[in-house]
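Computed from a predicted model, the values in this text were never measured in an experiment. Each chain gets a letter, A, B and so on, in the order its sequence line appears, and its residues count up from 1.
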2 protein chains.
Amino acid sequence: MYFLSWLSQLCRGLSRPIGRTAQPTWGSFSRSLALSSQRRIPEFNSFVARTNTCGELRSSHLGQEVTLCGWIQYRRQNIFLVLRDCHGLVQVVIPQDETAASVKKILCEAPLESVVQVSGTVISRPPGQENAKMPTGEIEIKVKTAELLNSCKKLPFEIKDFVKKTEALRLQYRYLDLRSFQMQYNLRLRSQVVMKMREYLCNLHGFVDIETPTLFKRTPGGAKEFLVPSREPGKFYSLPQSPQQFKQLLMVGGLDRYFQVARCYRDEGSRPDRQPEFTQIVDISNVFKHTEVRFLQDALSKPQGAVKAMCVREGANYLKKKDIESIRKFAADHFKEEVLPVFLKNKENWNSPVAKFILEKQRLELIRLMEIQEDDVVLLTAGEHKKACSLLGKLRLACADILEMNGMVLRDPALFSFLWVVDFPLFLPKEDNPLELESAHHPFTAPHPGDIHLLYTEPEKVRSQHYDLVLNGSEIGGGSIRIHDAELQHYILATLLKEDVKLLSHLLQALDYGAPPHGGIALGLDRLMCLITGAASIRDVIAFPKSFRGHDLMSNAPDSVSPQELKPYHIQVSWPADSEAERSSLNHSHHPES
Amino acid sequence: MYFLSWLSQLCRGLSRPIGRTAQPTWGSFSRSLALSSQRRIPEFNSFVARTNTCGELRSSHLGQEVTLCGWIQYRRQNIFLVLRDCHGLVQVVIPQDETAASVKKILCEAPLESVVQVSGTVISRPPGQENAKMPTGEIEIKVKTAELLNSCKKLPFEIKDFVKKTEALRLQYRYLDLRSFQMQYNLRLRSQVVMKMREYLCNLHGFVDIETPTLFKRTPGGAKEFLVPSREPGKFYSLPQSPQQFKQLLMVGGLDRYFQVARCYRDEGSRPDRQPEFTQIVDISNVFKHTEVRFLQDALSKPQGAVKAMCVREGANYLKKKDIESIRKFAADHFKEEVLPVFLKNKENWNSPVAKFILEKQRLELIRLMEIQEDDVVLLTAGEHKKACSLLGKLRLACADILEMNGMVLRDPALFSFLWVVDFPLFLPKEDNPLELESAHHPFTAPHPGDIHLLYTEPEKVRSQHYDLVLNGSEIGGGSIRIHDAELQHYILATLLKEDVKLLSHLLQALDYGAPPHGGIALGLDRLMCLITGAASIRDVIAFPKSFRGHDLMSNAPDSVSPQELKPYHIQVSWPADSEAERSSLNHSHHPES
């Protein structure tokens with residue numbers, strides 16, 4: 001498919017010098033980014049003192065008088081100083097003669113990470129002192145004048161990628177963390193990836209980039225939408241989870257081929273991730289129909305209960321006891337579900353806490369179904385069907401991480417494997433009331449053309465025209481063909497989902513005025529960038545991320561607001577009983593004017 | 001200056017076929033947009049039935065079998081039908097023979113603006129029936145099959161640019177309004193302008209595009225910031241008015257050459273526009289030091305009072321009585337200030353309600369100061385200095401609009417005249433307490449290097465390093481060199497402005513860790529697009545604008561929210577006494593579940 005081949009090309013085109021093991025260096029960094037030391041920043045203007053960037057100087061610049069600005073990265077014996085800007089590093093020779101005492105004083109006394117401006121001549125390094133690993137390694141700067149532009153206080157941590165620091169500290173001092181090679185690399189690469197996407201969409205395919213509002217009206221079932229009080233009593237805007245409705249309205253408006261790099265606001269609160277993960281598993285419920293193992297019994301006695309298993313090939317050789325413990329803990333933390341590891345050390349002797357409860361017949365059936373071989377480890381899990389699938393999917397990725405850390409070669413980091421997931425159900429039974437239906441994705445997804453007749457008889461059997469895109473096992477995007485028929489949309493909203501259609505009257509009305517058939521897809525840019533850069537967390541590909549509890553650890557947002565400031569919005573805080581004391585202390589300490 | 005020459009090039013490069021007088025046509029529309037009928041949409045994929053767009057067909061396509069999709073724009077005598085998509089218009093010949101009765105029925109009965117798919121052959125129009133004004137005017141489609149994809153209800157207004165409709169109706173049915181030539185043109189041009197800006201910044205100059213958070217912490221004096229309640233009692237995020245602080249933190253983080261197409265959230269409430277407008281006026285306070293005219297007396301008796309005048313050349317020939325009335329009304333509506341028109345029909349006879357109160361000496365002095373000539377109209381205004389300046393600036397633009405409507409040629413619509421405004425004061429006396437100072441722009445603007453010593457003695461005299469950019473009389477952008485010294489920033493915030501520095505401790509701290517000298521500029525994209533397209537309102541260059549009271553007339557946002565939905569955010573509505581009745585009715589009618 002065209003879209004996929006482009007995305008795949010885009011990913012392949014990007015170098016991936018930074019894996020989980022490799023440390024980035026300015027060399028690979030600057031080689032891999034198109035806009036880097038190879039290219040000069042053109043046209044320094046009259047307001048900027050610097051003539052060159054630190055990273056661009058080469059032997060071809062020998063003899064030139066240059067002015068550079070940058071941070072002091074490193075100093076050696078008060079003789080050499082390495083200056084850094086976003087284009088790279090360059091070595092500066094601190095003058096040692098009496099007449100340059102003031103220059104020496106500035107360059108030797110300024111703390112690391114201070115900002116300095118130096119002027120001098122590009123000279124070649126003495127023979128044997130060239131540094132082949134450094135793009136500017138053939139030259140150094142003989143300094144004549146220096147100016148301290150801003151001094152740096154004692155740092156809370158060293159700005160070196162190999163110095164470990166807690167994520168909380170990194171987020172608190174994000175502006176320092178951003179100076180690291182890795183963060184510079186991730187954010188600059190992200191900028192270029194997005195630019196390539198834009199060029200593809202706008203310049204090659206005539207897409208039109210349109211910004212849609214972020215202050216909107218609450219959507220039905222929009223429990224994850226942030227509210228924004230307005231100055232009209234009792235009236236609220238909502239920050240939409242996605243430009244879902246606007247996308248459709250643009251199609252009705254004839255703005256064919258729309259795209260947007262959109263913000264999505266999702267107030268996750270404490271709701272778990274609803275997205276079922278794709279996974280390869282084997283359902284072994286039938287094997288354990290009659291079992292004495294309690295937790296398998298329990299699971300199978302429930303309506304949607306299932307026992308699922310996954311086979312980790314050669315797991316016995318690679319998974320240590322503590323790895324199994326961490327897998328159990330992972331399962332408990334994320335799903336409150338038990339995992340039963342079964343070690344098959346040899347065919348007769350199953351090394352497992354429940355081995356004795358597994359009947360010989362069950363054992364043989366399991367070996368046959370799962371094609372278990374010696375030294376494999378089998379992970380059993382039991383519970384509600386969807387949850388068990390989701391858990392095993394996550395366990396599969398966790399196991400792969402552990403196996404790779406233990407030296408097994410499983411995944412080629414340069415390989416980008418895409419997968420489309422299709423034929424999702426249009427509806428799912430509600431978790432709290434399985435007799436009622438809810439949308440598997442959202443109520444605007446069109447039913448599969450082959451299943452439309454089932455909508456009126458067996459809606460739970462209708463497949464949707466939703467599609468998900470998976471890259472290397474992670475979902476990176478999804479989309480759907482939408483309903484363009486107002487009657488069908490009304491039937492699904494009002495009759496099947498029992499939603500208040502008044503909240504969506506504008507959309508239903510729009511469909512009535514010649515809405516064309518339409519569909520689309522949304523990619524999760526954060527997750528895609530994680531896969532491309534090999535970052536462990538989406539926080540490493542976002543400039544100013546929130547902590548997982550939604551806090552900005554740098555500025556301490558969200559923060560208290562005085563009752564006076566709430567007045568124009570006609571709201572007041574409903575304090576839980578036990579925080580009255582805190583409230584009054586806040587009023588006095590944070591807002592002395594109130 | 002480099003930036004300006006680029007911006008100027010960018011504006012000149014854009015064709016401006018749509019002025020206040022010219023009606024856009026698909027011809028000029030498609031010629032002026034690069035991605036248009038000249039270029040095919042490449043690679044239609046297997047899911048899309050259409051083989052071509054409506055706008056791309058030419059004589060070179062004669063004989064081809066094509067499938068087109070589009071809206072029915074127009075139908076003539078059940079013989080011809082004009083089909084429209086976003087690439088243009090094409091004429092379709094409805095088959096009249098018996099065998100094609102079902103095709104004829106579909107195409108003749110579908111209401112205008114319905115969506116249809118037709119397949120047929122590209123044929124040449126009979127000699128003499130070619131339409132040179134239509135890019136596809138040499139050909140037409142001989143239809144074989146047709147399918148109605150979606151029928152359109154009776155429209156609330158005709159989708160033709162020359163059909164006048166109220167703005168409220170346009171906003172309510174925005175998805176229909178977006179189908180108009182003008183809106184399609186404005187939004188597609190905007191997309192391309194932004195793309196050109198990105199290519200310039202990213203590809204040519206190595207800028208890095210970084211998204212900054214929109215859920216942040218309230219800034220001091222941020223009375224215009226929307227609040228977003230969090231799930232922690234009493235804690236609120238704030239939607240920042242601009243990425244001001246993040247921009248600076250990115251500079252501290254070494255992300256040199258950052259840019260962003262950013263959302264700015266400004267809850268204007270009822271505060272008037274604080275931005276003083278640039279204007280050429282003449283201060284004539286001294287002329288009227290001793291006057292009998294009451295409103296001039298009143299104004300001059302106040303500390304900042306002034307009398308200002310503007311001369312409209314040949315105004316007596318072009319400004320009609322109702323124009324003067326509308327100017328007065330404009331002044332009253334916007335500034336609660338009076339405007340005194342003085343017509344100078346001939347040198348002896350001043351045609352003005354206050355002519356008799358103006359002394360001969362004052363009249364002569366006024367003529368000399370303002371170089372008044374016969375047939376000029378002088379507009380006098382009096383009031384607080386800044387307000388009077390701002391009013392005359394707006395009046396100047398309003399007069400120009402009126403004069404141009406009355407046939408005077410004043411401004412060349414193809415001309416883009418840029419102007420930098422510099423040397424703003426760093427501080428202004430507070431409106432409600434002139435003894436205290438407030439920032440003229442914001443507290444992070446650096447003082448002019450030549451005035452730093454005055455900060456400690458006469459801060460009100462310090463000029464700032466702020467700059468504004470004006471295009472054709474409208475401010476389109478502004479920026480500043482920022483303070484990079486923590487001590488100076490602390491002095492200005494705490495000592496001069498008396499702000500609570502605790503709210504900004506993260507920024508002050510960041511400046512202490514080697515912040516480089518830095519500055520930037522922000523362009524107002526909406527206003528710039530207005531000037532480029534000649535649109536009367538920024539609402540014509542935004543896909544889904546809010547009304548001036550901040551309402552979304554299409555979806556009816558902001559809207560009521562049930563107390564249940566507010567619970568997770570620990571807030572409740574403080575109902576003003578007189579709306580209790582309304583509240584309870586809302587609870588019952590809108591939220592039957594509550």
*chain A heavy atoms under 4.5 Å from B:Glu199: which part of the residue, side chain, backbone, both or neither?*
both
*Is the gap between the ring centers of B:Phe544 and A:Phe246 under 6.0 Å?*
yes
*asked:* Need one label for B:Pro517: side chain, backbone, both or neither, based on atoms under 4.5 Å from any heavy atom in chain A.
replied: side chain
*So, A:Gln184 versus A:Arg188: side-chain donor-acceptor pair below 3.5 Å or not?*
yes
*With sequence neighbours excluded, what pairs up with A:Lys153 under the salt bridge (charged side-chain N to carboxylate O under 4.0 Å, His left out) test?*
B:Asp512
*Tell me, for A:Thr212 versus chain B, whether the close heavy atoms (under 4.5 Å) come from the side chain, the backbone, both or neither.*
both
*Counting only heavy atoms closer than 4.5 Å, note whether B:Ile542 contacts chain A via side chain, backbone, both or neither.*
neither
*Select one option (side chain, backbone, both, neither) describing which atoms of A:Arg174 are under 4.5 Å from chain B's heavy atoms.*
neither
*Between B:Glu113, B:Lys154, B:Gln172, B:Glu232, which has the largest tally of heavy atom pairs under 4.5 Å with chain A?*
B:Glu232
_Residue A:Leu149 versus chain B: region with a heavy atom under 4.5 Å_ = both
*Do NZ/NE/NH1/NH2 and the carboxylate oxygens of B:Arg198 and B:Asp209 come within less than 4.0 Å?*
yes
_Part of B:Ser505 within contact of chain A (heavy atom distance under 4.5 Å)_ = neither
*Measuring heavy-atom distances to chain B, does A:Met251 have an atom under 4.5 Å in its side chain, in its backbone, in both, or in neither?*
backbone
*Residues in side-chain contact (heavy atoms from CB on, under 4.5 Å) with B:Ala543, at least two apart?*
A:Ile210, A:Leu250, B:Leu187
_Greatest number of heavy atom pairs closer than 4.5 Å to chain A - which of B:Pro545, B:Ser151, B:Ser114_ = B:Ser151
*Region of B:Ser555 that comes under 4.5 Å of a non-hydrogen atom in chain A*: both
